[in-house]
Amino acid sequence: MSSINRESITLVTGVIGADTHIVGNRILSMGLEEAGFKVVTLGALTPAAEFVKAAIETAADGIMVSSLYGQGELDCRGFRDLCIEAGLDGILLYIGGSLVVGKQEWSEVEGRFLGMGFDRAFANATRVEDVVEALDKDFAARKKSG
Amino acid sequence: MSSINRESITLVTGVIGADTHIVGNRILSMGLEEAGFKVVTLGALTPAAEFVKAAIETAADGIMVSSLYGQGELDCRGFRDLCIEAGLDGILLYIGGSLVVGKQEWSEVEGRFLGMGFDRAFANATRVEDVVEALDKDFAARKKSG
Amino acid sequence: MNLNSDDTPISAAAIPADDFALMRTENLARWPTGADVDLDEAVEFHKSLPQEKQLGWVMRRAAEEGRCLTQPRGGFGTLELQLELMRALDQDGMADIVPTTTDSYTRNEQWEQAATGIEESKRQGRSMLNGFPMVNYGPKEARKLIEAINKPAIVLSGTAMPRLTCEVGFAAGFSGYLGSGIAYTTSYTKDTSIAEGIRNYQYLDRLAALYQEKGVELHRRQPGFLTGTNVPPCIAIAVGVLDALLAAGQGVKNYGLELAQTLHLIQDAAAIKVCGELAQEYLLAAGFEDMFTPVTSLHWMGAWPQDDAQSAALVSYGGTLAAVGGAVSVTTKSTHEAYGIPTPAANAEGLRTTRMAVYLARHIRLDDLPEFKAEVDLLRRETRPIIDKALEMGDGDAALGAVRALEAGALDIPWSPSRFVKSRVMPARDADGYLRIYDPGDMVFASDVAEIHTERLKKRAEVEGVAFDRNLAVKSVYEISEPLDKLLPFPWAAE
Amino acid sequence: MNLNSDDTPISAAAIPADDFALMRTENLARWPTGADVDLDEAVEFHKSLPQEKQLGWVMRRAAEEGRCLTQPRGGFGTLELQLELMRALDQDGMADIVPTTTDSYTRNEQWEQAATGIEESKRQGRSMLNGFPMVNYGPKEARKLIEAINKPAIVLSGTAMPRLTCEVGFAAGFSGYLGSGIAYTTSYTKDTSIAEGIRNYQYLDRLAALYQEKGVELHRRQPGFLTGTNVPPCIAIAVGVLDALLAAGQGVKNYGLELAQTLHLIQDAAAIKVCGELAQEYLLAAGFEDMFTPVTSLHWMGAWPQDDAQSAALVSYGGTLAAVGGAVSVTTKSTHEAYGIPTPAANAEGLRTTRMAVYLARHIRLDDLPEFKAEVDLLRRETRPIIDKALEMGDGDAALGAVRALEAGALDIPWSPSRFVKSRVMPARDADGYLRIYDPGDMVFASDVAEIHTERLKKRAEVEGVAFDRNLAVKSVYEISEPLDKLLPFPWAAE
Ligand code: B12
Ligand code: B12
């Protein structure tokens, strides 16, 4: 944790698709800022392409996608490919919220989203502290390896 | 229903075993009396043998056993035999209440008590009207066949 | 749709009949099923329904008789699934009002995509849409839903674009319709201007008024929950009153006002009382003398706990709060809320638990409790200035006032996704469990009122030994969803 | 047992130490495990427990801190099943107080039969007993239960014959014990005289006082539910106060009073308040100045509905009522109540739902509500004369007074199985949901008080268009267990 400099890291946040659930995403954005990261907030109802555009424009290190309304599974298909096409090869991709319709086994849900190319997926009781911890770990690992 | 004369029918009521749940049994007794039956009330905490003794003494036509506390399954074993031994061969035996420990499939519970020799078993939401209806039916049938 | 583009100056005045006829023609031409909307036939159908299947009548009777009716939410992606759901809610759930929630594509007027969703749902045998695609099925098919139940039916469609859906819904025989220009635009959109949202709902209200002119009293309803997230009653009521003025302006006579529960028995009862009161006060002042404005209480709209047993208490308490507060109806959730759209069975259970809770508390009223009276008084003092300010900013016009007040932040909505809302106001729960305002943003409260909010929240910070800062607001978003061992641990656990 | 046969005149005086020593020796000799009871060893064990596992301390702290603790009921027929149950209630249910309910054979001191029950349970792999056979297992084995949990444990044993069970329970390390001479004898027995029941509980109280003398403060508790069936608060409180006087007479210092919920928010809050008040009033008047008498509220003790969803509302409302009433603890039931003894999981869920309900209502108090004040006043005017009359009939002795008052019907218990109770009093629910007295039997109320009861019940008969007769009482027994379509049907259903 000590090895990374959060101020040098830019994260893009937003809620994907036709989803208006902004609360958790805003709290997350506030928390990441407080923790020292640079945060670019796209807000609710953000098409996948806009995430990528913003990430390019701000030379972001990671994209934090929220999805609550249950249709995230449809909205997120091909998200990693979009990033790669835009030249954002190594960008860190996190997803969090209520990712699917109805009550489903989390391990399965997680697997589905990791399969789509997200580096991590978070269930809806996730607290910001845990996200910060994961970010620190992942960026520290990248620093070492990269 | 018209064919039977309730006043000529004597029913013994009571709560079997170490069971103190008197409320339903008392309401049942009150209701049977109101419907016109002769009712002999033994009250709560009545050993099996006392039912039989009272039935003999009052030349009863039926015994209405209540059991609520869950141990009725133990208390009622051999009840029909006791009656037969005492010469009460054809006496009508009803049981009602919360007959077993815990939430069990009613059809199974019923089967168990019918197997013990009860003519009918009633679950705990039973209302007095339904009991009266069953009694009328059973006594009418007996009159015809007997 | 030139008659209602953003160029037209917005106003609360009724849409003239000729203009409206034109607007309707344009609107109905947007999707094939629009052609099946036959207003006169629909009017006849509504008139042929028994009174107890007409929500306008049912709401009036419930208010007269002091009932608290139950209503769930619910929508699935195909007619077959929706029929099954509505029958279950009617029969197993004993819902007094049966809902049809539309799916998100329908809400966004993406009917092509909704069509795909129907196909996918049919193929997979389960709902791939989060609601019923009302427009795609059209009024003839949707009428089967009305025929399948013995209760009145209401359309629930969280959107700023209800124009075609409302035409289809009313024509199908739905006698209730939830939604309003200010509440839904501020909570369901990012880039839709408030004026546009208001115009869209003026269309809907004008349509309801047209039915009224033809002798059918439909029930229109304002969704007071807004962002559902710790919305203080003063804000919910202010928006409700403004939305009611807009509906009245179009000629609506039967207009429900919803209020999301704060989960504080006294605050919720006070809110229900003040909401009904102020709605009438402002409607009368604006010259609308015969608008019926029953209040509906909504089960907790914020984040729910993951534990079904904990959620059961929220469901049940939701019935208690509605009954004690004297709400005319209560909109229910289920123990599945934290996870996803409930199964018909879970939804029906939520209805029955709520109904029993309503039964148990039906005699309780807090009107004479001093703490209740104080809260009523405070709430009036909080709310009137917000409405007055908005009306003033609109030179007396509720539509214009709402747009300008939201722009300026004089009327503000917490946690709103909309670009046209400041969303700087920050509510938090105080030490006594009341929802208060930590940061008013640009909203202006009388200094003694503001003082009460600050003092109560400072008291909480003190009691909990935490800083008096924005975290109080964030914690209050999480609070009700926290596990019990955090909310109420065994107090003296071993180290 | 000559020292306490029915020949000995009954009195509320403390059992002399010598006599008590003799009684204990006789008592412990009745079943082999009695020999394992070692009082001094037990005292050391209790002292070695952390405070939070000692119910006497926990109840005092809860009262000081204004907490409402949760406690379920629960007992299974073998040690293994009981261990599993108690762990589940402690951990999954977050119970603040963990129970061991004994089985009915144990309650009736039929230990041979209990032994068969244990065997049968083991053979069948499911509990054939409706509780834990505490005496058969004895203090050494039962102590494993105390060691398995992190909370205080209480023995629940509805019986008039607690002598050996209490010896074993306290020796095992249980720090709480529910039961009392008047309440349990009138509700759990048919042929046991009230005097005998009182004597048996005097033994138990004297034993608790012996622990107290040796520095261990156990929590004794009076089971205010009696027959659990529509017991009006005035009767429950009168019995509670008399039982408390009896316990005080033996030297008990930490004595809880239970009250079954009437399910009326205001009546229950009033009952909790008046119960605590009058207990202290009469104890002080009798010279007992330092008895601690916290009040516990009990989830609905009458018949439950068959529908889990409906029952969930009773569970949740039970938490609400306890919290709003300011009870120090609440004893919970589960959604399985109508069917049978709940599974550990269902029992734990009932605890969590209740706990959440307590959390939600923890700030609500009705003390300043005029309707509450009126009910408090009425309740005082109902209850004091009952207690005064009993004490008068006993020439100032609570034991003698209780026996004589019950015999005469001046103190009466509805729906009692006991030959020694008139059980002519008939309660019924009034039009506002309050439990009132339809027929006082031989109980004497001031005429203005009696008038209120009659008038309220006549109002109900009128409202419902039924006769003012005994059926009101019978209907009130069924009421809460009725299905929802009977309790609260859709009001305007088609014919
Ligand atoms: C509040 C709420 C609303 C509000 C939203 C207000 C707003 N503008 O934000 C309103 C009332 C408007 C609303 C509307 C709808 N809602 Co809604 N809503 C909720 C509710 C009750 C709480 C959500 C919330 O704010 N939680 C609190 C925040 C703090 O938590 P969070 O969002 O989970 O975020 C945290 C974590 O998940 C994590 N996190 C979030 N994003 C990310 C991203 C990353 C990268 C990481 C690492 C972590 C992370 O960190 C956050 C902070 O701790 C949930 C149910 C619930 N959970 O109790 C339903 C729920 C999400 N809604 C639901 C639905 C269906 C809808 C509607 C379609 C409803 C309808 N039928 O009308 C519409 C959606 C419209 C649309 N187009 O989006 C469903 C989703 C169904 C599903 N997934 O299966 C839910 C689960 C309710 C249900 N059981 O039906 N809703
Ligand atoms: C009130 C009550 C009590 C009161 C009883 C007061 C009294 N003296 O009568 C008190 C509090 C004292 C009590 C004590 C106990 N109870 Co209890 N009690 C109940 C409760 C809540 C309601 C029973 C009742 O009165 N119902 C109302 C009447 C009108 O209905 P009813 O009794 O079912 O009777 C009707 C029908 O069943 C039918 N009927 C009844 N008998 C008969 C007979 C015939 C022949 C026919 C045809 C019909 C018929 O007609 C009646 C009138 O409509 C039930 C749970 C429930 N049902 O909600 C538990 C319940 C019966 N009790 C139970 C238990 C375990 C006990 C105790 C052992 C508890 C304990 N652990 O301390 C003790 C028993 C002590 C003993 N030795 O008996 C369990 C039984 C468990 C099981 N069967 O698996 C139950 C189901 C609760 C539970 N879920 O744990 N209890």
Side-chain angles (χ1 to χ4, degrees), chain C residues 50-52 58 61-62 65 67 94 96 150-151 263-266 305 307-317 319-320 324 348-366 368-372 431-434 480 484-485 487-494, chain D residues 50-53 58 61-62 65 67 94 96 150-151 263-266 305 307-317 319-320 324 348-366 368-372 431-434 484-485 487-494:
Chain C
Q51 286 178 317
E52 75 270 9
V58 161
R61 279 303 292 269
E65 296 182 15
R67 304 263 172 185
M94 296 187 63
D96 296 311
N150 302 309
K151 313 282 177 60
L263 293 179
H264 190 288
L265 188 71
I266 294 167
D307 174 18
D308 285 17
Q310 241 173 295
S311 292
L314 287 181
V315 169
S316 180
Y317 204 45
T320 306
V324 173
E349 274 169 27
L351 277 162
R352 295 204 306 277
T353 298
T354 305
R355 198 176 193 85
M356 186 69 184
V358 166
Y359 180 78
L360 292 170
R362 70 201 184 288
H363 300 302
I364 310 296
R365 285 297 176 278
L366 301 179
D368 297 327
L369 184 69
E371 189 180 342
F372 171 84
D432 301 312
Y434 285 91
I480 300 298
L484 271 172
D485 53 9
L487 289 180
L488 205 61
F490 179 67
W492 313 284
Chain D
Q51 287 178 317
E52 75 269 9
K53 285 183 70 173
V58 161
R61 280 303 293 270
E65 297 182 14
R67 303 263 173 184
M94 295 187 64
D96 296 310
N150 301 311
K151 314 281 177 62
L263 294 180
H264 191 286
L265 188 71
I266 294 167
D307 174 19
D308 286 17
Q310 240 173 297
S311 292
L314 287 182
V315 169
S316 180
Y317 204 44
T320 306
V324 173
E349 273 168 28
L351 278 161
R352 295 204 305 277
T353 298
T354 305
R355 197 175 193 86
M356 186 69 184
V358 166
Y359 180 79
L360 292 170
R362 71 200 183 288
H363 300 302
I364 311 295
R365 285 296 175 278
L366 301 179
D368 298 327
L369 184 69
E371 189 179 343
F372 171 84
D432 300 312
Y434 285 92
L484 271 172
D485 54 9
L487 289 179
L488 205 60
F490 179 69
W492 313 284

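To find a chain, count down the sequence lines: A is the first, B the second, and so on, and within it residues start at 1.
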Visitor: Which one of D:A313, D:P489, D:P305, D:A431 has the most heavy-atom pairs closer than 4.5 Å to chain C?
Guide: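 The residue among D:A313, D:P489, D:P305, D:A431 with the greatest pair count is D:A313.
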
Visitor: Counting only heavy atoms closer than 4.5 Å, note whether C:A361 contacts chain D via side chain, backbone, both or neither.
Guide: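 Contact with chain D: backbone and side chain both.
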
Visitor: Kindly write out the residues that satisfy side-chain hydrogen bond (donor to acceptor under 3.5 Å, both in side chains) with D:Y359, not counting sequence neighbours, or none if the list is empty.
Guide: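 D:Y359: side-chain hydrogen bond (donor to acceptor under 3.5 Å, both in side chains) contacts with C:E479, D:R362.
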
Visitor: Shortest non-hydrogen contact from C:E349 to D:A309?
Guide: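 Looking at all heavy atoms of both residues, the closest pair is O-CB, 3.6 Å.
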
Visitor: Of the backbone (N, CA, C, O) and the side chain (C-beta and beyond), which part of C:L366 lies under 4.5 Å from a heavy atom of chain D, both, or neither?
Guide: both

Visitor: Is chain D contacted by the side chain of C:I364, its backbone, both, or neither, given a heavy-atom distance below 4.5 Å?
Guide: side chain

Visitor: Please state whether the side chain, the backbone, both or neither of C:R61 comes within less than 4.5 Å of a heavy atom of chain D.
Guide: both

Visitor: C:L314, C:L360, C:L265: which one forms the most heavy-atom pairs within less than 4.5 Å of chain D?
Guide: C:L360

Visitor: Would you please name every residue forming a salt bridge (charged side-chain N to carboxylate O under 4.0 Å, His left out) with C:R67, sequence neighbours left out?
Guide: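 Expected list: C:E65.
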
Visitor: Once rounded to the nearest 0.5 Å, what's the spacing between atom CG of C:D96 and atom CG of D:L488?
Guide: 7.5 Å

Visitor: Could you tell me which portion of C:D307 (side chain, backbone, both or neither) has an atom closer than 4.5 angstrom to a non-hydrogen atom of chain D?
Guide: side chain

Visitor: Under a 4.5 Å heavy-atom cutoff, which of C:G433, C:A357, C:P370, C:P491 has the most pairs with chain D?
Guide: C:P491

Visitor: Determine, step by step, whether C:M94 and D:D485 satisfy the side-chain contact (heavy atoms from CB on, under 4.5 Å) criterion, reporting the C-alpha distance in whole Å, the side-chain angles of both residues, the deciding distance to 0.1 Å, and the verdict.
Guide: CA-CA 8 Å; C:M94 296 187 63; D:D485 54 9; 3.8 Å; yes

Visitor: Would the distance check show the side chain of C:H264 and the main-chain N or O of C:D432 forming a donor-acceptor pair, the cut-off being under 3.5 Å?
Guide: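 Present.
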
Visitor: Please determine, among C:E371, C:Q51, C:Q310, the option with the most heavy-atom pairs under 4.5 Å with chain D.
Guide: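 Option with the top pair count is C:Q310.
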
Visitor: Using 0.5 Å steps for rounding, measure from the CZ atom of C:R355 to the CG atom of D:L487.
Guide: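 Separation between the atoms: 10.0 Å.
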
Visitor: Go through the atoms of C:V315 and report whether side chain, backbone, both or neither lie under 4.5 Å from a heavy atom of chain D.
Guide: neither

